[in-house]
Every structure is written in C-alpha cells, then in structure tokens.
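For reference, the structure discussed in these notes is given below.
Naming convention: chains lettered A, B, ... in sequence-line order (proteins, then strands); numbering from 1 in each chain.
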Amino acid sequence: MEKVSLPKGTRDFGPAQMAKRQFIFDSIRKVFQRYGFQPLETPAMENLSTLTGKYGEEGDQLLFKILNSGDYLKDVDSVKLATKDSRLITNDISEKGLRYDLTVPFARYVVTNRHEITFPFKRYQIQPVWRADRPQKGRYREFYQCDADVVGTDSLVCEAEIILMIKDAFKILGINDYIVKINHRGILSGLAEILNASAKEGSLFVAIDKLDKIGEEKVKEELRARGFDGDLSSLFETLNFKGNTKQKIDFLGQKFTSSEKGKKGLSDLTEVLSLLAGFGATDDHVEFDVALARGLSYYTGCIFEVKIGNVSIGSVSGGGRYDNLTAVFDAKEKSSGVGFSFGIDRLYDAMEELNIFPKDARASSTVLVAHLDEQSFRHSLKIVQGLRENEISCEVYPEPAKVKKQLEYADKKKIPFVVVIGSEEIRTETVTLKKMETGNQLTLSFPELVTAMQLYK
RNA sequence: GUGGGUGUAGUUCAGUUGGUUAGAAUGCUAGAUUGUGAUUCUGGAGGUCGUGGGUUCGAGCCCCAUCACUCACCCCA
C-alpha cells in the first residue's frame with residue numbers, strides 16, 4: 001500500500017480529466033462573457049469573521065479554519081484551554097478560513113471596493129471553494145464553483161438572463177435532458193402564511209423541499225415530527241397541483257388573496273416569464289416548482305435549481321436573489337443582488353455518466369515526430385519547428401529509440417498523427433505521415449503535411 | 001455528528017465448512033518483428049492478503065480492536 005495519499009474529499013486531475021474539465025470551464029466562461037459579466041478573483045482565504053455567521057450554524061462547522069502562525073497557543077486563556085473545548089478557543093488560535101462559497105467573498109469585495117465599482121456590477125468568478133463535510137458521491141471537500149452575479153439592480157431581466165445563460169451553457173456542453181426549477185421565496189412565505197406557520201417557515205420549507213425525493217407520506221411524517229399538527233390537506237393540494245406554469249400561477253393566485261408576499265412572488269415569476277418571451281426564448285426546460293426551497297438564510301426573491309435527467313448526481317446549478325447580502329458587512333449598504341452558480345465537479349460527473357464529452361476534448365499534441373537515427377533526429381527538429389510556426393501542436397520524441405517505442409508513446413498519449421523521418425525522407429525531402437487510428441500512411445512534402453494538419457484541426 | 005458496506009498484484013476482482021506453494025483478467029516488461037503502435041503468439045517481474053492482537057495443530061477466511069476507503073442520513077454544488 002502506498003503511504004502517501006490525498007486528504008479525504010480532494011482529487012488530482014490528470015491530463016485526461018483536465019481536458020474535459022477545461023472544456024466545461026471554457027464553455028461556461030464563454031457564456032458568462034457573452035452576457036456582459038466580468039471576471040473577478042478573490043483570495044482562497046478570508047478573515048474568519050468575514051465567513052462565520054453567513055451560512056447558519058451548520059455552515060460554520062463546515063468552514064476550514066487556518067491555524068495562526070507562530071506560537072499560537074501562547075496567549076490563550078489557560079482556563080479556557082483547560083476545558084479542552086476547542087470551540088471556546090477557535091477565535092484565539094485561528095483568524096483566517098478557506099472560503100466556503102464565492103457569494104460571500106463577492107459581497108465582501110463589493111463592500112470593500114464600492115467606490116470603484118460601477119453599478120449594476122456584473123461579475124463572474126470561477127474558483128475552488130472548500131467545505132469540511134464528509135465526502136460522498138458528488139460531494140467533495142474541495143470543488144469549483146462558477147458564479148455569475150449582478151449586484152445593484154432589482155430588475156428581473158437578471159433572473160430571465162440567468163435562465164438564458166443556463167440554457168446556453170447546456171447547449172454548448174451537449175446536455176439536452178435537464179430541468180431549470182424556479183420558485184420564489186415570497187411564494188414559500190405565502191404557503192407558510194396559509195398554514196399560519198410563518199414563525200417556523202424554515203422547518204416547513206426544508207421538509208417540503210424533499211417532496212420529490214422522499215414522497216408525500218414521508219414529508220407529512222416529517223412535518224408532524226416538527227410540530228405541524230394542523231390540517232395539511234390544503235398544503236398538499238397546492239404542492240401536488242399539476243399543470244403548466246401559467247396554470248400553477250393562476251391556481252396559486254386564488255390561494256394567495258390575503259398574502260402580500262405570495263402575490264409579489266407570483267407577479268415576479270410572471271414578469272420573468274414575460275421577459276423571457278421578450279428575449280424571444282421559450283420556457284422549454286423551465287419548471288415552476290412550488291416545493292423548491294434552497295438557500296433559505298439569504299435568498300429573498302426568485303430561487304433556481306438545475307437538475308440533469310437520468311443521472312445519479314444532485315443539482316448541478318443553483319441560485320437566486322438576495323436583497324441584503326452586502327448589509328451583513330455594512331448596515332448602510334443595501335444592494336440587491338442576484339446570481340447563480342454551476343458546480344463544475346458535478347457537471348463533470350453527470351457528463352461522464354451520460355458519456356457525452358466530445359471525443360476531441362484532448363490536450364495532447366496533434367503530431368509526434370519520430371526518427372530512426374542521429375541524423376534523422378537532427379532533421380526532425382526542423383520539421384517540428386516548421387509545424388509549430390504553422391500553429392500545429394507537436395512534439396519530437398526526445399531521444400533515440402526504436403520506431404516501435406516511439407509509436408507506442410504516441411498511442412498511449414493519444415496523439416493522432418506520427419511523422420516518421422529516416423534517411424529516405426531526408427534524401428527525397430519528404431515526410432511519412434501515419435494516421436494512428438487507421439494505420440494508413442502516405443508520403444508528403446512538408447507544405448502538404450502542413451495543409452493536411454491544418455485541415456484536421 | 002449518526003448509520004451501513006468494503007479492504008487480497010500497479011488496477012478491477014476471484015479465493016469453497018478454516019487445510020500444504022494465494023489465482024484470473026488487465027496493465028507493466030522483454031522477445032517473435034534491426035523502418036511501424038493499437039490486434040496475435042511466447043517468456044518475465046510484481047502480494048507482509050490494510051494494521052495490531054486473539055482463537056486454533058493450522059487463519060486471506062473466525063473473534064476483538066484500530067486505520068483507510070466508500071455509500072447513505074443531516075446539510076449542500
């Protein structure tokens with residue numbers, strides 16, 4: 001057994017995986033830029049005070065904390081230390097933590113740089129985040145998020161554009177079977193009002209969010225366990241209502257006659273769909289799901305979640321509108337924001353499961369130049385350089401070796417073409433080009449080789 | 001934090017009620033083929049059976065502990 005290993009929940013990405021990952025990164029980056037978002041990067045670590053308290057009690061426990069440098073125990077109160085309760089001394093020995101998501105560092109950035117920022121500010125950010133929870137399928141301790149957020153406008157155009165960006169990205173990635181679920185925090189509040197349960201919204205939402213996963217009976221059980229003992233039939237009548245988005249909105253309109261929050265939610269949704277139509281887009285793949293609940297501690301408006309069909313992976317993207325994210329850093333700062341995030345690692349897992357990565361998601365050379373002896377090795381250097389001048393990625397086998405060995409190398413690295421140089425080729429000023437896939441080979445002049453390779457590209 | 005499952009060759013896994021020298025596939029390596037890979041044939045290397053203890057004449061197999069990995073719950077991308 002190897003003694004060296006990786007921390008739990010972290011992974012290496014070899015060349016084959018990186019080619020696929022970069023295909024996803026590039027596709028998403030392209031979409032973000034197409035919609036006018038600008039790149040931003042923030043440090044891997046933030047002050048712990050920036051991070052704590054933003055993700056709920058559960059989230060605080062999942063933060064990776066960084067031990068202070070130096071003799072960090074020296075000044076810790078000896079009474080506290082004697083309790084052996086590590087939570088009591090966390091703040092004394094750690095003042096930095098790894099970021100848990102990209103939204104909070106973004107809010108911190110907006111507050112720190114507000115004088116330089118032109119609002120509405122649209123930024124995208126593709127960086128790793130870290131969570132100290134127990135890894136399982138589709139869940140890692142280090143993973144990438146690809147966030148796009150707009151801060152400083154209430155316009156529902158942003159919501160509509162989020163839907164458009166998700167559709168665009170999935171089109172480029174070749175994912176056809178997916179659902180963009182949309183709901184509104186106001187609609188959830190409306191449901192709670194009808195049940196006279198506004199005081200314990202949180203546990204209501206967490207329970208109904210599991211509806212499609214565990215079923216109606218289990219949700220009822222959980223609700224009763226959480227103290228909802230009244231009549232639940234109206235709630236489930238609403239949750240189970242079948243129909244298209246417009247029918248759902250009409251149906252809820254009758255329920256929400258007395259709920260201002262509910263009505264606001266419905267009018268926002270209606271407007272988002274209307275704007276979507278204004279862009280000339282359909283609402284294909286978009287589903288209004290009354291049971292969708294997420295990010296309860298900070299979302300205030302529309303909420304989104306994206307699921308891919310026929311894969312065992314949870315949601316691959318999510319987002320929503322938060323009215324007061326920056327207010328947690330500065331009470332005077334109340335910029336409304338809206339954004340969403342792609343989970344790259346889950347997209348990767350889903351695409352791998354569906355086997356839909358393009359065949360040419362490859363990052364190796366197009367051509368390997370092989371040689372037979374010292375003289376042809378020298379000659380092959382000129383060939384390689386000539387190919388590079390024509391922007392064809394290629395490499396020369398770096399030492400004398402049997403042709404067999406050089407071809408095996410090309411085969412293993414999935415290099416599609418090999419140019420063989422020997423005394424015959426030098427004498428006639430030609431090259432022998434072999435296509436690895438078929439084994440066919442032909443004799444070409446150098447300009448013909450360049451043309452052939454450019455056509456292939 | 002709670003609960004299941006699995007640890008045997010580089011990798012994926014067999015291994016009978018406990019019985020002598022622990023196997024296969026694949027990969028690696030050398031050759032058949034001194035200008036041709038992937039396909040074919042022949043040979044070779046590679047294992048402290050996760051670790052520590054116990055039961056037994058005898059343990060890969062049974063018992064205990066421990067570690068690692070993995071799946072699920074809570075929560076989340």
Side-chain angles (χ1 to χ4, degrees), chain A residues 1-11 24 28 55-63 87 99-103 126-147 202-203 205-207 209-210 213-214 218 222 225-226 293-297 304-308 312-320 339-350 368 370-373 376 397 400-426 431-441 443:
Chain A
M1 274 296 150
E2 290 281 328
K3 289 200 177 81
V4 291
S5 68
L6 246 34
K8 198 194 290 260
T10 66
R11 297 145 304 153
I24 302 178
I28 290 172
Y55 310 106
E57 201 178 316
E58 192 90 37
D60 284 355
Q61 288 176 353
L62 298 181
L63 286 171
R87 285 168 303 181
R99 63 167 168 254
Y100 178 90
D101 71 358
L102 301 179
T103 311
I126 301 178
Q127 288 189 277
V129 304
W130 294 270
R131 295 183 188 180
D133 62 359
R134 193 168 290 199
Q136 49 184 281
K137 193 180 174 87
R139 171 177 295 188
Y140 306 99
R141 284 181 149 174
E142 177 184 64
F143 61 98
Y144 271 74
Q145 291 192 327
C146 307
D147 271 38
S203 46
F205 300 158
V206 168
D209 186 50
K210 297 177 186 169
K213 199 171 174 185
I214 64 176
K218 295 260 181 182
E222 185 161 337
R226 289 168 185 256
R294 46 166 296 117
L296 297 167
S297 53
F304 303 96
E305 184 165 284
V306 183
K307 287 200 165 154
I308 297 178
S312 55
I313 299 292
S315 67
V316 295
S317 175
F340 76 114
S341 175
F342 285 110
I344 261 276
D345 305 83
R346 285 188 173 181
L347 272 175
Y348 180 101
D349 291 345
L368 171 75
H371 39 82
L372 304 175
D373 51 37
S376 50
Y397 197 84
K402 291 178 184 170
V403 175
K404 178 185 168 79
K405 189 157 188 182
Q406 301 185 52
L407 284 169
E408 275 173 0
Y409 172 83
D411 186 46
K412 279 180 199 150
K413 283 190 75 175
K414 302 227 184 320
I415 297 174
F417 294 97
V418 174
V419 161
V420 183
I421 303 294
S423 53
E424 187 63 20
E425 284 82 359
I426 296 174
V431 301
T432 297
L433 176 67
K434 182 184 180 77
K435 184 172 188 179
M436 293 299 280
E437 196 186 338
T438 60
N440 294 341
Q441 57 188 58
T443 305

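- Comparing B:C41 with B:U51, their P atoms are spaced 36 Å from each other, to the whole Å.
- In this structure, the nucleotide among B:U36, B:A77, B:C28 sitting nearest to the side chain of A:Phe143 is B:A77.
- In this structure, of B:G31, B:G35, B:C28, it is B:G31 that holds the atom nearest to the side chain of A:Lys402.
- Mapping A:Ser317 and A:Lys404 onto RNA chain B by nearest heavy atom places A:Lys404 closer to the 5' end of the strand.
- In this structure, the separation between CG on A:Asp411 and CG on A:Leu368 is 11.5 Å, given to the nearest 0.5 Å.
- Atom name C1', nucleotides B:G50 and B:G7: the rounded distance is 6 Å, in whole Å.
- B:C74 and B:G1 are spaced 9 Å apart, taking the C1' atom of each and rounding to whole Å.
- Here the CZ-CZ distance, from A:Arg134 to A:Arg141, works out to 8.5 Å after rounding to the nearest 0.5 Å.
- Each of A:Lys137 and A:Asp345 has a nearest nucleotide on RNA chain B; the 5'-most of these lies closest to A:Lys137.
- Side chain of A:Val403, nearest nucleotide from B:G35, B:C76, B:G37: B:G35.
- Contact of A:Glu425 with B:G35 (side chain to base): a donor-acceptor pair of N or O atoms is detected under 3.5 Å.
- Comparing B:C13 with B:A30, their P atoms sit 29 Å apart, to the nearest whole Å.
- For the C1' atoms, the distance from B:A9 to B:G5 is 24 Å, rounded to whole Å.
- Interatomic distance, CD1 of A:Ile426 versus NE2 of A:His371, reported as 11.5 Å (0.5 Å rounding).
- The base of B:U36 sits within donor-acceptor range of the side chain of A:Gln441, with an N or O pair under 3.5 Å.
- The side chain of A:Glu58 sits closest to B:C74 out of B:C74, B:G35, B:A77.
- The ring of A:Tyr409 does not lie on top of the base of B:G37; it is either too far (5.5 Å or more) or too tilted (30° or more).
- The CZ-P distance, from A:Arg134 to B:C73, rounds to 13 Å in whole Å.
- Remark: C1' of B:C69 and CZ of A:Arg141 are 13 Å apart, rounded to the nearest angstrom.
- One finds no side-chain N or O of A:Gln136 lying less than 4.0 angstrom from the OP1 or OP2 phosphate oxygen of B:C71.
- Spacing of C1' atoms, B:U29 relative to B:G35, comes out at 23 Å, to the nearest Å.
- Here A:Ser315 lies in heavy-atom contact (under 4.0 Å) with sugar-phosphate atoms only.
- Within the shown strands, B:U42 is the pairing partner of B:A30 under the Watson-Crick or G-U definition, both distances less than 3.5 Å.
- Put simply, the side chain of A:Arg346 and the base of B:C76 share a donor and an acceptor less than 3.5 Å apart.
- For the residue pair A:Glu425/A:Thr432, the side-chain donor-acceptor check at 3.5 Å is satisfied.
- At B:G37, none of the side-chain N or O atoms of A:Lys413 fall inside 4.0 Å of OP1 or OP2 (strictly under the cut-off).
- The side chain of A:Lys210 places no N or O atom within less than 4.0 Å of a non-bridging phosphate oxygen (OP1 or OP2) of B:C73.
- Phosphate contact (OP1/OP2 of B:C73, side-chain N/O of A:Lys218, threshold under 4.0 Å): absent.
- Below the 3.5 angstrom threshold, one finds a donor paired with an acceptor across the side chain of A:Arg139 and the base of B:C75.
- When distances run from any side-chain atom of A:Leu407 to the nucleotides B:G35, B:U36, B:A38, the shortest one goes to B:U36.
- Listed pair A:Lys8 / B:C69 meets the phosphate criterion, a side-chain N or O lying under 4.0 Å from OP1 or OP2.
- When heavy atoms are screened at a 4.0 angstrom cut-off, A:Glu424 is found touching base atoms of the nucleic acid.
- The nearest whole Å value for the distance from the CD1 atom in A:Ile214 to the C1' atom in B:C74 is 12 Å.
- Remark: A:Tyr397 OH to A:Ile415 CD1 distance equals 10.5 Å, nearest 0.5 Å.
- Within the nucleic acid shown, A:Gly138 comes within 4.0 Å of at least one base atom, counting heavy atoms only.
- When rounded to the nearest whole Å, the span between NZ of A:Lys412 and C1' of B:U26 equals 14 Å.
- Across all strands, A:Tyr144 comes closer than 4.0 Å to no nucleic acid atom at all (heavy-atom distances).
- A distance below 6.0 Å separates the ring centres of A:Tyr100 and A:Tyr55.
- Atom P of nucleotide B:A77 and atom CG of A:Leu62 are separated by 11 Å, given to the nearest angstrom.
- Computed from coordinates, the A:Glu142 CD to B:C76 C1' distance equals 17 Å when rounded to whole Å.
- One can place NZ of A:Lys307 at 13 Å from P of B:C76, the figure rounded to the nearest angstrom.
- Comparing B:U39 with B:A22, their P atoms are spaced 31 Å from each other, to the whole Å.
- The pairing partner recorded for B:C73 is B:G1, the criterion being a Watson-Crick or G-U wobble arrangement whose two distances lie under 3.5 angstrom.
- Rounded to the nearest 0.5 angstrom, A:Arg99 CZ and A:Trp130 CH2 are separated by 4.5 Å.
- Across all strands shown, B:G7 forms a Watson-Crick or G-U wobble pair with B:C67, both key distances being under 3.5 Å.
- Comparing the same atom, C1', in B:U17 and in B:C61 gives a spacing of 11 Å after rounding to whole Å.
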TODO: Please test A:Gln406 against A:Val418 for side chain to side chain contact (heavy atoms under 4.5 Å, CB included), starting from the C-alpha separation and ending with a verdict.
DONE: CA-CA 9 Å; A:Gln406 301 185 52; A:Val418 174; over 6 Å; no

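- As a whole-Å value, the separation of A:Leu433 CG from B:U36 C1' is 13 Å.
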